[in-house]
Structure formats: C-alpha cells, structure tokens
Q: 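Got a structure here, written out as structure tokens. Questions coming.
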Amino acid sequence: MSLVDSAPSSHTHDAAASAALNAEDSARILAKAALFSPPDATLPDGRRDLVGLSREELTELLVEIGEKPFRTKQLWHWIYHQGVTDFSAMSSIAKPLQAKLAERFVVGRPQAAMVQTSTDETRKFLFRFRDGQEAETVYIPDRREDRGAVCISSQVGCTLSCTFCHTGTQKLVRNLGAAEIVGQFMAARDSYSEWPSPKGDTPRLLSTIVLMGMGEPLYNYENIAKAMKIIMDGEGIALSRRRITLSTSGVVPLMDRCGEELGINLAVSLHAVTNELRNEIVPLNRKYPIEEVLAACRRYPAANNSRRITFEYIMLRGVNDSEADARELVRLISGLPAKVNLIPFNPWPGSAYRPSTREQQNKFAQIIMDAGFSSPIRTPRGRDILAACGQLKTESERIRAAQS
C-alpha cells in the first residue's frame, strides 16, 4: 500500500476536526448552563422532592434511609404511572414506610399561579416554582381527535433575543430543573385528570410533548435530557420518543448529542434562507450559520421518512415571505426528510413586524408542496390569552413592566 493510500482523507480529517470543535463547544455551552442552574430540589424544611430524580438517584436515597432497592420500582409506579402525590395513598407500601417517606420526601408539582382557557380550548398555565420564578406551559388540543400537545418551557426567560419573539424580550433568569420540566407535564395531566398513564390503545388527551415553550432547550440540555428520559420510561408516563419534539434555533453541537442520546424528533427554527437575514432575526445564526445547522440536520440519526425534521418558518410580511425565499428554502432542504411548518406571525405589543397576507402564505406553501414537502400553515391557537407561538412571556414580567 502506498503512503498516499494509507494517509487519512481530507474528508476524514475535516470530520475529526469538526467533531473535536463540537465537543469543545458543547463543553463550553454546558459550563455556561451551570451558571443558570436551578435551585436545589430541597424544601426549606429539609424534605427532598422525588420528582425529577433518575431511577439510580431514587434508589440511592432509599438505600440511605435503610430501604431495599426494589422500593424504587414501587415508588416510580405511584409517582409517574398513577400520578399520586400523597404517600398515604400509595396502597402497596406499608403504613410505617409511608410515614417514613412523608417525613423525608415530597412528590412535588409546580404551583399553577394562573390558568387561562382560550375560546378555542387551548389552555395556558403560568407555573410558579419554589423560588418564586415562573414559566408558561400551553396545552393545545387537536381540533379533530381526543388528543393534543403540551408545549413545555425549558428556561425562565430566554437568551436568544430573536426579534420576532415576545418570549425573547424576557431576559434569561435561570434554567429549569428536571423536576420543573417533568412537573409541567404532570401538572397539566392533573388538570385533565389523566392518571393513571393510559396504556396500549387507550387514547391520551395529552398525547405529545413539544419543547417549544420559553427558552432554548439545548442551552439547558442536561436537565431536558434527564426529564425526557423520565417521561419516556415505559413503567411511568411512558411517552414514546416519537411523540416528543425538541425545537431548537440551531445549537449545533448539542443537536448531535440530542440525536445520539435521546433520539426524539427535531424541529429547527429556521425563519430565513440567507445568513444575512437570519443573523438579524435569529442572532444565534452568527455563531451557527445556516450551512452548519443544515449539516447537523443531515447527521441527525432519528431523521427518516416516517420521522421528518420539521423546519419552522415564521411568516413576516415583506421580510422573508417572497416566492424567491420559498424557492431557496426548497433548495436548502432538498434531500432531507423534512416538512416545513409555516407560522403566521402573532403580533404582540411593541413589535415592528406584520404577518404575511394569507395570499402570500398560500403562494409560499404551494412552492414548497410542489417540491414534494409537506407545508402546513399553522393555525394560530390561544391568541386571545397570548398563548400562540412566540407570545409566551410570564404575566409577572408584564405586571412588573406596567408598574415600572
């Protein structure tokens, strides 16, 4: 074999260099996330919240108090399958142990500080956490079937400052912990009395999760990953990875990690087809330009024809909604198993943008559909309670702003 043959190809070298950069970038993002860590899940009286713990952590706590590891399975069933918050209602656990658990632990939920139901039956929860911070969660029922999506927040506030997004005008306060992320879904289930977890063909009202609420989920990856593993656990909430979608603005290094570790569906907030415009309206693009984001989509292991990557595209009149933009979008995503969700811009106080006309939305969608991609125009839901896409911003922020 000649030396030329045995030398690594430049492609292999480039891939290795790219992987090393990604690992370095990933470590930097996770180190920064630690600065916005959630508070400890221990109450002022010293009791520990069991929600949000992995099975291994739950076992450790039980062993510490002199209990056998098999108790983990029992508790997991009561907490995540039955939705029980009171140890005394856990009938397969003997009364002395119920009392022992109640002394040391709680099964918590975020407090619903406000619940609003829209005329279209969308329901928005303002959840208050133990340190007084708040985030919003939205349940969007399907118009045709008894099911729907729970839109979950990953952070209090957001660091991305996308110019069309109301949530992005609220500064990042902190990341949500695994308990607070799982807790949003569990509290929404409480609201619809959907315990125990439906099994088999039983319809689920709360049938899917979209990580599309406040915040950039990949900037809080470790808490999100832990929460989703709990939610996907077959002996508890048991939601399949096919029913969970994570929406990112394109945090490339952690897109790779999410694909490998979780394998959940991916949605990418694209919103523009040139780096020049995307730099302006999605500032994260300056760090991870369109080409890098699309390359990460092509690497995403869960992407196939039955599980397409969703590209979210907000329709801003005269900004990104021309037929030329639609044709360039088709060129960018060609060869990918993809669908494009066109999102009419939802106006909010102080925004400079206007929604595209219905006629322009239809023209744009037709070009994408003619190229063989599904391109639904999303029907805005919950507008009357500011629950539509890009409108989430905690009520406490609005009240403080009004008072200042």
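Index from 1, following the sequence.
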Q: Using the rule given for side chain to side chain donor-acceptor pair (under 3.5 Å), can you reason through Asn175 versus Gln155, listing the C-alpha separation, both sets of side-chain angles and the distance that settles it, and then say yes or no?
A: CA-CA 4 Å; Asn175 287 327; Gln155 297 179 306; 2.8 Å; yes
Q: Are the side chain of Asp321 and the backbone of Phe364 linked by a donor-acceptor contact shorter than 3.5 Å?
A: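 Here the side-chain-to-backbone pair does not exist.
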Q: Going by distance alone, is a donor N or O of one side chain under 3.5 Å from an acceptor N or O of the other, for Asn285 and Asn279?
A: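 A pair is found: one side chain offers a donor N or O, the other an acceptor, under 3.5 Å apart.
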Q: Looking only at non-hydrogen atoms, find the nearest pair between Gly157 and Met214 and report the distance.
A: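 Minimum heavy-atom separation between Gly157 and Met214: N-CE, 3.4 Å.
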Q: Do we see a donor-acceptor contact under 3.5 Å between the side chains of Trp78 and Ser91?
A: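 No, no side-chain donor-acceptor contact under 3.5 Å.
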Q: Can you tell me how the ring of His271 sits relative to the ring of Tyr313, calling it parallel under 30°, perpendicular over 60° and tilted otherwise?
A: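 Tilted.
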Q: Going by the rule ring-ring contact (aromatic ring centres under 6.0 Å, His included), which residues pair with Phe311 if we only count those two or more places apart in sequence or in a different chain?
A: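 In terms of ring-ring contact (aromatic ring centres under 6.0 Å, His included), with neighbours along the sequence ignored, Phe311 is linked to no residue.
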Q: What side-chain hydrogen bond (donor to acceptor under 3.5 Å, both in side chains) pairs are there with at least one residue in residues 34-46, not counting sequence neighbours?
A: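 For residues 34-46, and leaving out neighbouring residues, the side-chain hydrogen bond (donor to acceptor under 3.5 Å, both in side chains) pairs sorted by first residue read Asp40-Thr42, Asp45-Arg47.
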Q: So, taking the atom named CD1 in Ile140 and the one named CE in Met212, what distance separates them when rounded to the nearest 0.5 Å?
A: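 The distance works out to 8.5 Å.
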Q: Answer yes or no: is there a side-chain heavy-atom contact under 4.5 Å between Pro355 and Pro347?
A: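 A side-chain contact under 4.5 Å exists here.
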Q: Looking at every heavy atom in both Ala326 and Ile368, which two are closest together, and how far apart are they?
A: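 In this case the closest contact between Ala326 and Ile368 is O-CG1, 4.5 Å.
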Q: Around atom CZ of Arg28, are there more than 12 heavy atoms of other residues, nucleotides or ligands at under 6.0 Å?
A: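 Enclosed: over 12 neighbouring heavy atoms sit under 6.0 Å from CZ of Arg28.
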Q: Can you find a pair of side-chain heavy atoms, one from Ile281 and one from Cys162, that are under 4.5 Å apart?
A: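 The answer is no; the side chains never approach within 4.5 Å.
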Q: Please walk me through it: do Arg204 and Glu194 pass salt bridge (Lys or Arg N to Asp or Glu O under 4.0 Å)?
A: CA-CA 8 Å; Arg204 287 178 182 242; Glu194 195 168 74; 5.6 Å; no
Q: Find out whether Ser269 and Ser247 are in side-chain contact, i.e. whether some heavy atom of one side chain is under 4.5 Å from a heavy atom of the other.
A: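 A side-chain contact under 4.5 Å exists here.
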Q: Distance from Leu239 atom CG to Ser197 atom OG, nearest 0.5 Å?
A: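 Here the rounded value is 9.0 Å.
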Q: Can you find a pair of side-chain heavy atoms, one from Met232 and one from Ser240, that are under 4.5 Å apart?
A: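 When only atoms from C-beta onward are counted, Ser240 and Met232 do not touch, as no gap falls below 4.5 Å.
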Q: CD of Glu276: more than 12 outside heavy atoms within 6.0 angstrom?
A: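 Counting neighbours around CD of Glu276, 12 or fewer heavy atoms of other residues, nucleotides or ligands fall under 6.0 Å, so no.
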Q: Run the side chain to side chain contact (heavy atoms under 4.5 Å, CB included) check on Arg123 and Val115 step by step: do they pass?
A: CA-CA 7 Å; Arg123 186 171 294 178; Val115 180; 3.7 Å; yes
Q: Compute whether any side-chain donor of one residue and acceptor of the other, for Glu235 and His81, lie under 3.5 angstrom apart.
A: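 Absent: no donor and acceptor within the cut-off.
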Q: Are Tyr288 and Asp25 close enough that a side-chain donor and a side-chain acceptor fall under 3.5 Å?
A: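 A donor-acceptor contact under 3.5 Å links the two side chains.
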Q: Does Arg354, at its CZ atom, have more than 12 non-hydrogen atoms belonging to other residues, nucleotides or ligands within less than 6.0 Å?
A: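 No.
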Q: Do Ser153 and Glu136 have side-chain atoms, one donor and one acceptor, less than 3.5 Å apart?
A: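 No, no side-chain donor-acceptor contact under 3.5 Å.
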Q: Taking all heavy atoms of Leu270 and all of Val282, pick out the closest pair and write down the distance.
A: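 In terms of heavy atoms, the two residues are closest at O-CG2, 4.3 Å.
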Q: Could you walk me through whether Val210 and Ile152 pass side chain to side chain contact (heavy atoms under 4.5 Å, CB included), step by step?
A: CA-CA 6 Å; Val210 289; Ile152 285 178; over 6 Å; no
Q: Output yes when a side-chain donor or acceptor of Asp325 lies under 3.5 Å from a complementary backbone atom of Ser322, and no otherwise.
A: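 Answer holds: yes.
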Q: Can you pull out every ring-ring contact (aromatic ring centres under 6.0 Å, His included) where at least one residue sits in residues 187-214? Sequence neighbours excluded, please.
A: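 Residue pairs with at least one partner in residues 187-214: Tyr139-Tyr192.
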Q: With no hydrogens and no angle check, is any side-chain donor or acceptor of Asn220 less than 3.5 Å from a backbone partner on Leu176?
A: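 Judged by distance alone, yes, a pair lies under 3.5 Å.
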Q: Between Gln133 and Glu180, do the side chains contain a donor N or O and an acceptor N or O under 3.5 Å apart?
A: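 No - no donor-acceptor pair under 3.5 Å links their side chains.
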Q: Looking at every heavy atom in both Phe127 and Ala112, which two are closest together, and how far apart are they?
A: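 Where Phe127 meets Ala112 most closely, the heavy atoms are CD2-CA, 3.9 Å.
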Q: How about Glu261 and Tyr221: does a side-chain donor come under 3.5 Å of a side-chain acceptor?
A: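 Result is yes, a qualifying pair exists.
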Q: What's the spacing between Arg241 CZ and Leu246 CG if we round to 0.5 Å?
A: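 Reported to 0.5 Å precision, the distance equals 13.5 Å.
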Q: Kindly determine whether Gln98 and Asp86 satisfy side chain to side chain donor-acceptor pair (under 3.5 Å), including the steps that lead there.
A: CA-CA 9 Å; Gln98 289 176 359; Asp86 182 349; over 6 Å; no
Q: Could you tell me whether the side chain of Arg278 reaches within less than 4.5 Å of the side chain of Ile290, counting heavy atoms only?
A: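 Sidechains of Arg278 and Ile290: in contact.
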Q: Side chain to side chain contact (heavy atoms under 4.5 Å, CB included) for Arg317 and Gln360? Distances and angles first, verdict last.
A: CA-CA 9 Å; Arg317 190 184 304 185; Gln360 197 58 28; over 6 Å; no
Q: After noting the C-alpha distance and the side-chain angles of Phe36 and Tyr219, does the key distance pass the ring pair (Phe, Tyr, Trp, His ring centres under 6.0 Å) rule?
A: CA-CA 10 Å; Phe36 294 93; Tyr219 275 158; 9.5 Å; no
Q: With the threshold set at 4.0 Å, does a side-chain nitrogen-carboxylate oxygen contact exist between Glu67 and Lys100?
A: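 Judged by the 4.0 Å cut-off on N to carboxylate O distance, Glu67 and Lys100 do form a salt bridge.
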Q: Is there side-chain contact between Leu50 and Leu61, with heavy atoms separated by less than 4.5 Å?
A: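 Yes; the side chains approach each other to less than 4.5 Å.
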Q: Is there side-chain contact between Pro253 and Ile29, with at least one heavy-atom pair below 4.5 Å?
A: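 Pro253 vs Ile29: side chains touch.
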Q: Could you tell me which non-hydrogen atom of Trp76 sits nearest to which non-hydrogen atom of Ile230, and how far apart they are?
A: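 Taking every non-hydrogen atom into account, CH2-CG1, 3.9 Å.
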Q: Looking only at side-chain N and O atoms, does Thr274 offer a donor or acceptor that is under 3.5 Å from a partner on Glu328?
A: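 No, no side-chain donor-acceptor pair sits under 3.5 Å.
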Q: Could you report the tightest heavy-atom contact between Gly108 and Asp49, atom names first, then the distance?
A: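 Closest heavy-atom pair between Gly108 and Asp49: N-OD1, 3.0 Å.
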Q: Quick one: do Arg243 and Thr208 satisfy side chain to side chain donor-acceptor pair (under 3.5 Å)? Show the steps, please.
A: CA-CA 5 Å; Arg243 299 209 163 272; Thr208 54; 5.9 Å; no
Q: Do Arg55 and Thr72 meet the criterion of a side-chain donor-acceptor pair at a distance under 3.5 Å?
A: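 Note: Arg55 and Thr72 side chains miss the donor-acceptor criterion.
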Q: Please round to the nearest 0.5 Å and tell me the distance separating atom OG of Ser374 and atom NZ of Lys339.
A: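 Ser374 atom OG to Lys339 atom NZ measures 5.0 Å (nearest 0.5 Å).
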Q: Can you find a pair of side-chain heavy atoms, one from Ile93 and one from Gln74, that are under 4.5 Å apart?
A: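 Yes, side chains in contact.
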Q: Please walk me through it: do Arg104 and Glu64 pass salt bridge (Lys or Arg N to Asp or Glu O under 4.0 Å)?
A: CA-CA 11 Å; Arg104 293 168 172 80; Glu64 270 174 32; over 6 Å; no
Q: When rounded to the nearest 0.5 angstrom, what distance separates CG in Leu254 from CD1 in Ile224?
A: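 So the CG of Leu254 and the CD1 of Ile224 are separated by 11.5 Å.
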Q: Pair Thr248, Glu216 - check side chain to side chain donor-acceptor pair (under 3.5 Å), show working.
A: CA-CA 6 Å; Thr248 178; Glu216 164 55 67; 3.0 Å; yes
Q: For Glu57, is there an ion pair with Arg48 - N to carboxylate O distance below 4.0 angstrom?
A: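 Here Arg48 does not pair with Glu57 in a salt bridge, since their nearest N and O are not under 4.0 Å apart.
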Q: Say whether Asn362 and Gln366, considering side chains only, have a donor N or O and an acceptor N or O under 3.5 Å apart.
A: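 Judged by distance alone, the side chains do not pair up.
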Q: Verify, without hydrogens or angle tests, whether Glu121 (side chain) and Pro141 (backbone) share a donor-acceptor contact under 3.5 angstrom.
A: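 Pair absent, no side-chain N/O of Glu121 close to backbone of Pro141.
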